[in-house]
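Each chain gets a letter, A, B and so on, in the order the sequences are listed, and its residues count up from 1.
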2 protein chains.
Amino acid sequence: MTLESLSPTGGRGTKADANGQRDVLTRLRSDIVSSVFEPETRLKFADMTKRYDVGIGTLREALSQLSSEGFVTVEAGKGFKVAPVSASELIEITDHFIAFEKRAVREAIAYGGEDWETNIVAVHHRLSLIEGLPWERRMERHSEWVERHREFHEAIVAACKGKWLFRLRSIMFDQLDRYRFVTKRAPDGLGGSKLEEHRDIMTATLARDADLASDLIERHIRDTSERAIKLL
Amino acid sequence: MTLESLSPTGGRGTKADANGQRDVLTRLRSDIVSSVFEPETRLKFADMTKRYDVGIGTLREALSQLSSEGFVTVEAGKGFKVAPVSASELIEITDHFIAFEKRAVREAIAYGGEDWETNIVAVHHRLSLIEGLPWERRMERHSEWVERHREFHEAIVAACKGKWLFRLRSIMFDQLDRYRFVTKRAPDGLGGSKLEEHRDIMTATLARDADLASDLIERHIRDTSERAIKLL
DNA sequence: TCTAGCGTTATTTTCGAAAATATGAAGGTT
DNA sequence: AACCTTCATATTTTCGAAAATAACGCTAGA
């Protein structure tokens with residue numbers, strides 16, 4: 001393993017800005033996930049170029065990609081809007097994601113090697129550093145948690161053979177992030193501590209217990225989604 | 001039904017150019033599907049802007065979206081390349097698509113109304129106009145056939161409730177188009193005439209026979225993919 | 001012969017001005 | 001008042017010049 005995957009910039013194909021700042025695409029997506037812009041909000045170029053300090057063309061490219069990913073909608077000649085959210089969409093996304101992820105983790109367990117295992121332990125550790133924090137301090141670093149959480153689940157299934165399976169589950173995971181955000185205020189007292197759930201998922205996966213891992217993941221995801229539905 | 005869906009410009013969110021010419025995104029995708037650019041080919045801005053007669057920014061936006069759709073790959077600072085093809089990827093895409101499409105057609109049959117039915121008949125008719133042509137004349141209009149074929153299969157599942165199910169099946173369908181292209185030369189004497197298969201799919205769907213429709217679609221797709229693998 | 005450094009060319013990437021389009025307000029007609 | 005027309009403003013969309021970066025070839029030194 002090159003260990004470059006251990007750098008905290010994330011496994012996505014993000015191009016970092018010169019001064020180390022994340023690029024527009026990533027920042028914009030992150031802001032939508034974090035409800036900085038409410039659903040249905042128009043994203044005007046004049047405002048956005050100032051906010052993110054980029055040119056019109058660069059911004060348009062980012063928005064265009066986000067529309068492919070389903071985070072924004074675009075109407076020709078009328079610009080871009082933040083995509084709407086709904087309980088029924090959350091249910092559908094959850095079902096698709098779980099179906100993909102269960103298959104992916106089985107493949108990963110079947111084919112994963114030492115690098116895969118090592119990476120899981122590494123990214124889980126970094127995730128647990130945040131999740132072990134007291135509630136208030138964890139909230140301060142919430143956007144960082146989102147990144148680490150994504151990296152952890154990605155690492156679990158990273159060894160899956162199907163490229164498209166991996167790609168599809170990633171699209172769904174990103175969408176789930178949007179809904180996951182609304183559950184951030186709940187100090188997860190009721191219904192499972194994330195910290196333990198993630199540890200159990202890692203343990204089952206490294207033990208190559210596909211049935212258990214697959215089951216734990218389903219419960220982990222479904223639990224969060226069900227809480228999100230109530231708070232929607 | 002507004003019947004605007006009957007216009008032959010396609011159901012996709014394409015913005016047509018002033019003089020009726022399709023936009024860059026669509027033309028570029030079509031050219032990649034048609035192997036005008038071989039897999040792994042570098043797509044240089046200098047060449048592309050001349051070929052499609054658009055500015056650099058507009059082209060970049062299109063390429064950027066195509067990378068989201070999986071038709072091109074992008075390496076930061078080194079530009080865009082046509083995504084590679086492989087037999088194993090074809091198998092995976094085929095499996096995903098069939099799984100999606102079978103669920104989608106069941107939903108469509110369950111929820112589809114009169115507009116849905118009418119549209120199926122309409123787009124099937126337009127498809128059959130091309131498929132009924134003698135082989136040579138059909139080849140002349142192959143790119144048109146691709147459009148009609150996409151519209152037909154889209155119409156069949158258009159009434160499906162799951163927005164993401166529809167979206168995901170569309171992504172996979174577009175990818176299959178790439179591989180379908182290599183089978184275009186075979187005058188489909190062996191292994192099923194498309195004309196009849198499409199008629200049967202339509203009949204079963206309109207008869208609301210979900211089991212049969214679902215089965216016919218699977219055979220229809222698998223047959224084409226298997227022929228493609230041999231020609232790859 | 002190989003490598004490291006440097007300058008030149010080729011290519012990508014960014015940016016904002018200009019063109020095209022949509023939105024909204026004011027005025028005039030039925 | 002309701003509806004169309006016209007004009008002014010706001011916003012999106014396109015484009016190509018300029019900046020940033022990568023690729024290549026050349027020379028010098030070991």
J.: Sort me out a list of protein N/O and nucleotides 16-20 of chain D N/O pairs below 3.5 Å, or just none if empty.
T.:
none

J.: How many Å lie between CG on A:Asp47 and C1' on D:dA10, as a whole number?
T.: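 Distance check: A:Asp47 CG to D:dA10 C1' gives 12 Å.
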
J.: Is A:Arg29 paired with A:Asp177 through a side-chain N to carboxylate O contact shorter than 4.0 Å?
T.: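 A:Arg29 and A:Asp177: not salt-bridged.
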
J.: Look at A:Lys78 and C:dA22 and indicate whether a side-chain polar atom (N or O) is within less than 4.0 Å of OP1 or OP2.
T.: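 No, A:Lys78 has no side-chain N/O under 4.0 Å of OP1/OP2 on C:dA22.
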
J.: Measure CG/B:Leu25 against P/D:dT13 and give the value in whole Å, please.
T.: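 Computing the B:Leu25:CG to D:dT13:P distance gives 14 Å.
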
J.: Could you check whether B:Asp115 and B:Thr118, counting side-chain N and O atoms only, form a donor-acceptor pair closer than 3.5 Å?
T.: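 There is no such pair (donor and acceptor under 3.5 Å, judged by atom type) between the side chains of B:Thr118 and B:Asp115.
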
J.: Please identify each residue that fulfils side-chain contact (heavy atoms from CB on, under 4.5 Å) with B:Thr73, with sequence neighbours left out.
T.: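 side-chain contact (heavy atoms from CB on, under 4.5 Å) check on B:Thr73 returns B:Lys81, B:Ala83, B:Pro84.
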
J.: Think B:Arg42 has a side-chain N or O under 4.0 angstrom from the OP1 or OP2 of C:dT12?
T.: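 Checking C:dT12 against B:Arg42, a side-chain N or O does come within under 4.0 Å of OP1 or OP2.
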
J.: Could you list the residues that satisfy ring pair (Phe, Tyr, Trp, His ring centres under 6.0 Å) with B:Trp164, not counting sequence neighbours?
T.: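 B:Trp164 satisfies ring pair (Phe, Tyr, Trp, His ring centres under 6.0 Å) with no other residue.
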
J.: Using whole Å, report how far CG of A:Leu59 lies from C1' of D:dT11.
T.: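 The answer, rounded to whole Å, is 13 Å.
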
J.: Write down the distance between NZ (B:Lys44) and C1' (C:dT9), rounded to a whole number of angstrom.
T.: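 Rounded to whole Å, this separation is 12 Å.
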
J.: What is the distance, to the nearest angstrom, from the NZ atom on B:Lys81 to the P atom on C:dT12?
T.: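 Between P of C:dT12 and NZ of B:Lys81: 12 Å.
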
J.: From the list D:dC15, C:dT11, C:dT13, which nucleotide is the closest neighbour of the side chain of B:Phe80?
T.: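 Selected nucleotide: C:dT13.
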
J.: Taking the six-membered ring of B:Phe166 as reference, does the cationic atom of B:Arg169 (NZ for Lys, CZ for Arg) lie under 6.0 Å from its centre and within 45° of its axis?
T.: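 B:Arg169 over B:Phe166 ring: yes.
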
J.: Any carboxylate oxygen within less than 4.0 angstrom of a Lys/Arg side-chain nitrogen, looking at A:Arg60 and B:Glu61?
T.: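 Salt bridge between A:Arg60 and B:Glu61, a charged N being under 4.0 Å from a carboxylate O: yes.
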
J.: Given atom CD of B:Glu61 and atom P of C:dT13, what is their separation to the nearest angstrom?
T.: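 In whole Å, C:dT13 P lies 15 Å from B:Glu61 CD.
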
J.: The side chain of A:Phe45 is closest to which nucleotide in this list: C:dT12, D:dC15, D:dT12?
T.: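 Looking only at side-chain atoms, A:Phe45 lies closest to D:dT12.
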
J.: May I ask you to test the A:Phe71-A:Val33 pair for a side-chain heavy-atom distance under 4.5 Å?
T.: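 Side-chain contact under 4.5 Å: yes.
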
J.: Looking at C:dT13, I'd like to know if its phosphate oxygens (OP1 or OP2) sit under 4.0 Å from a side-chain N or O belonging to B:Arg60.
T.: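 Checking C:dT13 against B:Arg60, a side-chain N or O does come within under 4.0 Å of OP1 or OP2.
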
